[in-house]
Peer 1: 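The structure follows.
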Amino acid sequence: MNIFSKFKKLFNPIDLTEGTIWKTILLFMTPIVLSYLFQQIYTLTDTIICGQNLSANEVAGVNNSNSITFLALQFAMGLPAGFSVIVSKKIGEKNELDARKSILVQLIFGFLIGAIMTLVFIFLIKPILTWMNINPSSIDVNADEIYNSAYIYTLIIIIGTLPVLFYNIALGVLRAIGDSFIPFLFLVFSTILNVGLDLLFIVILKWAVIGAAVATVLAQFIAAVGCFIYIFARYKNLRLQKQDFHFSFKYVLDHLKLGLPLAFQFSVLGIGIIVMQASVVAFDKTAAGIMVDLTPATNGIGAGYKLNNFLMCLLNALGTAMLSYCGQNYGAKKYERIIKGVNQGIIIGFIMCIFILLVGMLLTINGTYIYIFLKADKVNADVIKYGNIYLYTILPLYFLLMFLFIFRNSLQGIEKPLWPFLAGIGELVGRILVCTFLPSVINNGPINSSASDLAFVMVALADPMAWLFADIILMIPGYIYIYKNYNRKYELIRKLHI
């Protein structure tokens with residue numbers, strides 16, 4: 001067996017109801033980690049190339065736009081995730097007609113909903129930027145350049161949300177078929193393509209912020225087209241036919257019932273992140289409202305965000321693995337295995353948290369990670385300070401995020417979707433409350449560039465407090481539905497077998 005075959009074998013389906021639990025979870029999450037890492041590499045290449053080639057103000061504009069684009073892109077990822085439940089079910093039932101109808105419904109209503117969402121977000125860009133204290137200025141050159149960069153980048157990315165939506169529809173269909181290797185290959189392809197386009201548009205053609213946004217959108221568009229060409233070429237039974245265009249209103253409604261709530265659940269966190277980013281921007285403005293050179297708070301925490309998202313891949317993959325693990329064992333009625341799996345998942349999670357803490361802290365020495373994302377002429381002591389404050393605050397509290405990922409996904413896996421949704425609301429409330437009140441209370445007044453470092457710690461604390469709010473919401477149902485109820489069900493099943 002050659003190396004490629006061995007690597008491909010990692011993506012083979014795994015029966016999560018059998019075998020040593022901790023080994024099964026780790027084996028199953030390995031390809032998930034690889035996929036998440038490549039997704040982050042896709043994002044990081046944009047950041048690195050922009051940070052090394054754009055001005056400090058342009059980089060700040062891109063960093064400020066990330067919270068808005070996150071809101072839109074999460075919607076474009078959540079909608080197909082909900083839709084995919086139906087096509088998975090139909091393929092599992094060997095019902096090719098309804099599977100094709102599901103693909104058609106996803107394409108039609110994905111386009112309609114995506115187009116409406118795109119138009120809405122285009123009109124919301126300026127109001128949201130104003131809400132974040134990012135405004136055009138005729139007297140402040142820095143503020144004006146930051147605003148223009150943020151607006152242009154956001155506008156192009158928002159226009160490109162339809163390709164993202166269709167790309168995720170295609171990935172959902174492939175995974176429903178049971179093919180997880182081809183989606184990974186397309187992810188690698190789109191990452192390499194994005195790097196090449198970034199270098200072409202930013203470094204060679206000097207398109208600056210426009211080049212960064214166009215490269216991202218174009219890479220997603222080509223990947224989406226490639227995915228659908230592969231699906232219809234490889235799986236002839238899924239090619240759309242004339243009879244597939246006859247579907248009932250109920251069939252459409254079934255898709256919307258699953259797609260829209262998950263889209264809102266995915267994107268609701270973006271509102272809290274926008275509020276948090278608005279708090280960060282305030283640290284870059286003087287009391288007179290003039291933007292500070294190099295925008296140290298925005299660019300420092302922007303680099304911290306990127307490193308955080310990369311380090312988070314391990315816990316994110318563990319959570320995704322727990323969803324499938326609990327789902328399979330729930331279907332097999334192996335309730336004791338669910339309890340043991342959650343317990344062992346928590347132990348694995350704590351080990352990961354220690355590893356992440358050590359790696360993260362090492363990278364903060366002399367602001368090492370900052371220089372990965374920003375060219376040296378865009379870095380000063382304040383940029384490093386703000387980035388490090390953020391990481392020093394969140395990394396020791398990663399265990400809160402670990403509990404969030406494990407219990408949210410485990411409850412989703414045993415068909416208790418209300419609680420993960422409420423946990424998302426809890427995260428939103430936590431971020432808003434912390435960012436709205438704590439910084440100004442600690443600073444004894446309005447926030448500006450002369451605010452204390454402790455006030456910025458309060459902004460950084462918004463993430464861990466959001467995780468804590470979500471954990472509080474998840475712990476009680478987690479105990480009731482996973483531990484208490486399943487202990488009873490296991491004892492009942494055991495007695496029946498005696």
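Since the structure is predicted, the reported quantities are computational estimates derived from the model, not experimental observations. Both backbone and side-chain heavy atoms feed into the values below; hydrogens, waters and symmetry mates do not.
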Peer 1: Parallel, tilted or perpendicular: which describes the rings of Trp207 and Phe201, with under 30° parallel and over 60° perpendicular?
Peer 2: parallel
Peer 1: Closest approach of Glu58 and Val209, non-hydrogen atoms and distance?
Peer 2: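 The pair with the smallest heavy-atom distance is CB-CG2, 3.9 Å.
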Peer 1: Going by an N to O cut-off under 4.0 Å, is there a salt bridge joining Lys334 and Glu18?
Peer 2: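 Judged by the 4.0 Å cut-off on N to carboxylate O distance, Lys334 and Glu18 do form a salt bridge.
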Peer 1: Roughly how far, to the nearest 0.5 Å, is the OH atom of Tyr151 from the OG1 atom of Thr154?
Peer 2: 9.5 Å
Peer 1: With rounding to the nearest 0.5 Å, note down the distance linking CD1 in Ile103 to CZ in Arg239.
Peer 2: 12.5 Å
Peer 1: Between Ile125 and Phe121, is any pair of side-chain heavy atoms under 4.5 Å apart?
Peer 2: no
Peer 1: Indicate, with yes or no, if the rings of Trp467 and Phe403 have centres closer together than 6.0 Å.
Peer 2: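 No: the rings miss the under 6.0 Å criterion.
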Peer 1: Tell me, do Phe407 and Ile346 make a side-chain contact under 4.5 Å, heavy atoms counted?
Peer 2: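 Answer yes - side chains close enough.
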Peer 1: Can you find a pair of side-chain heavy atoms, one from Cys50 and one from Ile202, that are under 4.5 Å apart?
Peer 2: yes
Peer 1: Measure from the ring center of Tyr390 to the ring center of Tyr305 and say whether it is less than 6.0 Å.
Peer 2: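 Yes, they do, as the ring centres are separated by less than 6.0 Å.
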Peer 1: I'd like to check Met117 versus Leu79 (side-chain heavy atoms, cut-off strictly below 4.5 Å). Are they in contact?
Peer 2: no
Peer 1: I'd like to check Leu155 versus Ile158 (side-chain heavy atoms, cut-off strictly below 4.5 Å). Are they in contact?
Peer 2: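 In short, these two side chains do not touch, never coming nearer than 4.5 Å.
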Peer 1: What pair of heavy atoms forms the shortest contact from Ala462 to Arg431, and how long is it?
Peer 2: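 Shortest heavy-atom contact: O-CG, 3.7 Å.
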Peer 1: Check Leu422 against Ile473 and note the closest heavy-atom contact, atom names and distance.
Peer 2: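 Closest heavy-atom pair between Leu422 and Ile473: O-CD1, 3.4 Å.
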Peer 1: So do the side chains of Asn168 and Val164 get within less than 4.5 Å of each other, counting heavy atoms only?
Peer 2: yes
Peer 1: For Lys126 and Phe123, indicate whether the former's side chain and the latter's backbone hold a donor-acceptor pair under 3.5 Å.
Peer 2: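 No: the side chain of Lys126 does not pair with the backbone of Phe123.
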Peer 1: CG/Leu124 to OG1/Thr130 distance, rounded to the nearest 0.5 angstrom?
Peer 2: 11.5 Å
Peer 1: Could you tell me whether a side-chain N or O of Asn316 sits under 3.5 Å from a main-chain N or O of Met312, the two making a donor and an acceptor?
Peer 2: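 No; judged by distance alone, with no hydrogens or angles, the pair does not exist.
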Peer 1: Kindly give the heavy-atom pair with the smallest separation between Gln220 and Pro163, and that separation in Å.
Peer 2: C-CB, 4.2 Å
Peer 1: For Phe221, is the CZ atom crowded, meaning more than 12 foreign heavy atoms sit under 6.0 Å from it?
Peer 2: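 Not more than 12 within 6.0 Å, no.
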Peer 1: To the nearest 0.5 Å, what is the distance between CG (Leu395) and CG (Leu307)?
Peer 2: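 That separation rounds to 7.5 Å.
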Peer 1: Measuring only between side-chain heavy atoms, which start at C-beta, is Val429 closer than 4.5 Å to Phe469?
Peer 2: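 Yes, side chains in contact.
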Peer 1: Does Ile476, at its CD1 atom, have more than 12 non-hydrogen atoms belonging to other residues, nucleotides or ligands within less than 6.0 Å?
Peer 2: no
Peer 1: Could you tell me which non-hydrogen atom of Val217 sits nearest to which non-hydrogen atom of Ile156, and how far apart they are?
Peer 2: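 In this case the closest contact between Val217 and Ile156 is CG2-O, 3.6 Å.
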Peer 1: Show the numbers, then the answer: is there a side chain to side chain contact (heavy atoms under 4.5 Å, CB included) between Phe373 and Val59?
Peer 2: CA-CA 10 Å; Phe373 302 115; Val59 173; over 6 Å; no
Peer 1: Do Tyr325 and Ile21 have side-chain heavy atoms sitting under 4.5 Å apart?
Peer 2: yes
Peer 1: Please check if the side chain of Asn409 supplies one atom and the backbone of Phe405 the other of a donor-acceptor pair under 3.5 Å.
Peer 2: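 Yes; at least one donor-acceptor contact below 3.5 Å.
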Peer 1: Check the side chains of Tyr398 and Asp463 for a donor-acceptor pair under 3.5 angstrom, ignoring hydrogens and angles.
Peer 2: no
Peer 1: Kindly compute the distance separating CD1 (Ile68) from CH2 (Trp131), expressed to the nearest 0.5 Å.
Peer 2: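 CH2 of Trp131 is found 10.0 Å from CD1 of Ile68.
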Peer 1: When you look at Leu199 and Ile204, which way does the side chain to side chain contact (heavy atoms under 4.5 Å, CB included) test go after all the steps?
Peer 2: CA-CA 6 Å; Leu199 293 173; Ile204 298 175; 5.7 Å; no
Peer 1: Got a sec: does the CZ of Phe232 have more than 12 other heavy atoms crowding it under 6.0 Å?
Peer 2: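 It does: Phe232 CZ has more than 12 such atoms within range.
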Peer 1: Which distance, rounded to the nearest 0.5 Å, do you find between the CG of Leu193 and the CG of Leu218?
Peer 2: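 If we round to the nearest 0.5 Å, Leu193:CG and Leu218:CG are 6.5 Å apart.
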Peer 1: Could you point out which residue of Thr24, Leu26, Ile25 forms a side-chain contact (heavy atoms from CB on, under 4.5 Å) with Trp22?
Peer 2: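 The residue from Thr24, Leu26, Ile25 that satisfies side-chain contact (heavy atoms from CB on, under 4.5 Å) with Trp22 turns out to be Leu26.
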Peer 1: Looking only at heavy atoms, which two atoms of Phe166 and Phe228 are closest? And how far apart?
Peer 2: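 Reported closest heavy-atom pair: O-CE1, 3.3 Å.
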